[in-house]
Amino acid sequence: AVRQLQENLKKLGYYESGSVTGNYGPLTEEAVRQFQRKNGLDADGMCGTQTQTKLFGASQGGGTTSSTLKLGSNGSLTRYLQIMLNTMGYSLSVDGIFGPNMEAAIKHYQSKNGLDADGICGGGTWSKLFSQYRVNVSGTGVQKFVNVAKHEAQIGFHEDNGNNINPYGQWYGSNGSAWCAMFVSWCAYQAGILNTTVPRYSYTPTGAAWYRNRGKYHKRSSGYTPKVGDTVFFFDPSKGRIAHTGIVTNITSTVVYTIEGNASDGVIERNYSRSDSYIDGYGRNGGETTI
């Protein structure tokens with residue numbers, strides 16, 4: 001999300017001397033303040049909803065408020081759709097704004113695929129897109145699973161309005177719901193290992209049970225050494241159950257590194273002490289240790 005912010009600020013001339021690092025430092029904050037002053041906003045240096053709306057979409061827009069995208073839509077889901085379309089041969093600016101060029105691209109895609117060419121990306125168009133779109137990363141099996149997750153972290157999808165509307169839930173068929181498990185399922189689907197190595201799940205306890213029933217679930221407290229490509233599950237004491245999940249991307253003797261969806265409303269990289277009690281356990285996917 002910060003990378004996207006920096007890219008847009010640079011494009012608009014507010015961050016010309018800064019680098020796109022993904023870190024929200026003093027240069028980024030000052031660029032945001034300059035943008036806010038220029039656009040009649042409270043120059044607090046924080047990229048809140050009003051600033052995001054001005055920066056990423058039309059002034060009357062409010063970011064992603066629906067999974068149905070059309071002329072005038074703006075925000076993170078529109079940006080993700082632009083990335084998908086460009087991967088499939090179109091040449092759109094990845095700016096999160098559904099303008100005339102994007103409408104024309106959707107109409108062309110719909111016409112080519114036997115859909116009603118109305119320029120609106122609704123359920124039918126999304127379904128067709130997801131049946132054809134493939135993340136372009138290297139590797140096979142579990143390694144590709146990890147590489148897909150890294151690709152998605154680099155894109156850095158982040159909800160605009162905390163409403164759980166996201167591409168992974170749209171693919172899964174349950175948009176608007178908590179989506180950490182759907183993100184893991186999406187990465188497995190793109191890697192070609194869904195329902196063989198990694199389950200298709202939207203409810204985290206169900207995913208853990210899938211591994212447990214196959215003798216592939218390892219509690220953190222057992223001393224198990226996690227492997228790259230394992231599915232990690234987290235325990236929420238307030239809910240009294242496993243309530244979050246992600247993908248292991250690296251480990252050391254003391255730290256486990258992950259990529260998680262629906263983490264602070266986005267796809268982000270995190271790391272934990274391997275003894276952290278938040279970690280309930282791991283679903284073993286057959287990857288290799290890095291220790």
Side-chain angles (χ1 to χ4, degrees), residues 1 3-14 32 35-36 38-41 47-136 152 155-177 179 182 186 265-267:
R3 288 191 188 97
Q4 181 186 356
L5 169 64
Q6 291 168 334
E7 288 169 358
N8 279 43
L9 287 168
K10 185 178 283 287
K11 186 187 302 182
L12 295 171
Y14 294 94
V32 169
F35 176 81
Q36 289 168 327
K38 182 73 173 179
N39 288 274
L41 300 168
C47 194
T49 300
Q50 288 185 321
T51 300
Q52 289 181 40
T53 297
K54 284 280 189 180
L55 186 59
F56 298 119
S59 60
Q60 73 275 18
T64 304
T65 57
S66 170
S67 61
T68 298
L69 303 178
K70 57 186 177 181
L71 188 64
S73 295
N74 67 95
S76 56
L77 189 60
T78 298
R79 179 176 180 269
Y80 196 94
L81 176 58
Q82 290 167 336
I83 292 170
M84 290 178 68
L85 288 168
N86 285 350
T87 301
M88 300 173 77
Y90 294 90
S91 299
L92 298 169
S93 297
V94 181
D95 56 9
I97 301 171
F98 199 124
N101 288 343
M102 190 169 179
E103 183 183 44
I106 289 292
K107 285 182 176 179
H108 179 270
Y109 177 82
Q110 290 169 326
S111 179
K112 188 172 71 171
N113 287 278
L115 301 167
D116 182 18
D118 58 5
I120 299 172
C121 189
T125 301
W126 275 120
S127 294
K128 180 60 72 172
L129 283 163
F130 283 127
S131 73
Q132 298 176 343
Y133 173 67
R134 294 295 179 270
V135 175
N136 185 21
E152 298 304 298
I155 289 175
F157 174 84
H158 191 276
E159 296 172 35
D160 301 316
N161 296 302
N163 52 19
N164 282 329
I165 297 176
N166 65 92
Y168 317 105
Q170 185 66 33
W171 161 78
Y172 194 95
S174 187
N175 217 349
S177 302
W179 51 277
M182 291 185 272
W186 157 264
D265 292 340
V267 177

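Every value quoted in this text rests on a predicted model; they were computed, and no experiment measured them. Any value given below was found using the heavy atoms of this structure, including those in side chains, with hydrogens, waters and symmetry copies removed.
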**OP:** Output the distance between atom CD1 (Ile106) and atom CG (Leu129), rounded to the nearest 0.5 Å.
**Re:** 6.0 Å
Original post:
Taking atom types as modelled, is there a side-chain donor on Gln82 or Asp95 under 3.5 Å from an acceptor on the other?
Top reply: yes
**OP:** Check for a donor-acceptor pair, side chain of Ser73 on one end and backbone N or O of Lys70 on the other, with a separation under 3.5 Å.
**Re:** yes
**OP:** Output yes when a side-chain donor or acceptor of Asp160 lies under 3.5 Å from a complementary backbone atom of Thr64, and no otherwise.
**Re:** yes
Subject >> Where Asn175 and Ser67 come nearest, the two heavy atoms and their spacing >> reply: ND2-CB, 3.5 Å
Subject >> Atom of Val94, atom of Ile83 and distance for their closest heavy-atom approach >> reply: CG1-CG1, 3.8 Å
**OP:** With sequence neighbours left out, write down each residue that passes ring-ring contact (aromatic ring centres under 6.0 Å, His included) with Tyr80, or none if nothing qualifies.
**Re:** Tyr168
Original post:
In Å and rounded to the nearest 0.5 Å, what is the CG to CG distance from Leu81 to Leu92?
Top reply: 8.0 Å
Original post:
Of all residues at least two apart in sequence or in a different chain, which pass the ring-ring contact (aromatic ring centres under 6.0 Å, His included) check with Tyr172?
Top reply: none
Original post:
Are the side chain of Ser127 and the backbone of Gly123 linked by a donor-acceptor contact shorter than 3.5 Å?
Top reply: yes
Subject >> Thr68 side chain to Gly122 backbone, donor-acceptor under 3.5 Å >> reply: no
**OP:** State, to 0.1 Å, how close Thr51 and Phe35 come at their nearest heavy-atom pair, and which atoms those are.
**Re:** O-CE2, 4.0 Å
Original post:
Can you tell me how far the CG atom of Asn136 sits from the CZ atom of Arg134, to the nearest 0.5 Å?
Top reply: 12.0 Å
Subject >> Where at least one partner belongs to residues 115-125, residue pairs that pass side chain to side chain donor-acceptor pair (under 3.5 Å), sequence neighbours excluded >> reply: Gln110-Asp118, Gln110-Thr125
**OP:** Could you tell me the separation between the CZ atom of Phe157 and the CG atom of Leu77, rounded to the nearest 0.5 Å?
**Re:** 6.0 Å
Original post:
Just by distance, do the side chain of Tyr90 and the backbone of Tyr109 share a donor-acceptor pair under 3.5 Å?
Top reply: yes
**OP:** May I ask you to test the Thr65-Asn161 pair for a side-chain heavy-atom distance under 4.5 Å?
**Re:** yes
**OP:** With the side chain counted from C-beta on, respond yes when Met84 and Pro167 share a heavy-atom pair under 4.5 Å apart, and no when they do not.
**Re:** no
**OP:** Quick one: closest heavy-atom pair of Val135 and Trp186, and the distance?
**Re:** CG2-CZ2, 4.1 Å
**OP:** Check for a donor-acceptor pair, side chain of Asn163 on one end and backbone N or O of Ile165 on the other, with a separation under 3.5 Å.
**Re:** yes
**OP:** Measure the shortest side-chain to side-chain distance between Ile120 and Phe98 over non-hydrogen atoms and say whether it is less than 4.5 angstrom.
**Re:** no
Subject >> Nearest non-hydrogen partners of Trp126 and Cys121, listed with the distance >> reply: NE1-O, 3.5 Å
Subject >> Asn164 to Asn166 - nearest heavy-atom pair and separation >> reply: O-ND2, 2.8 Å
Subject >> Beyond-backbone contact of Thr78 with Met102, side-chain heavy atoms, under 4.5 angstrom >> reply: yes
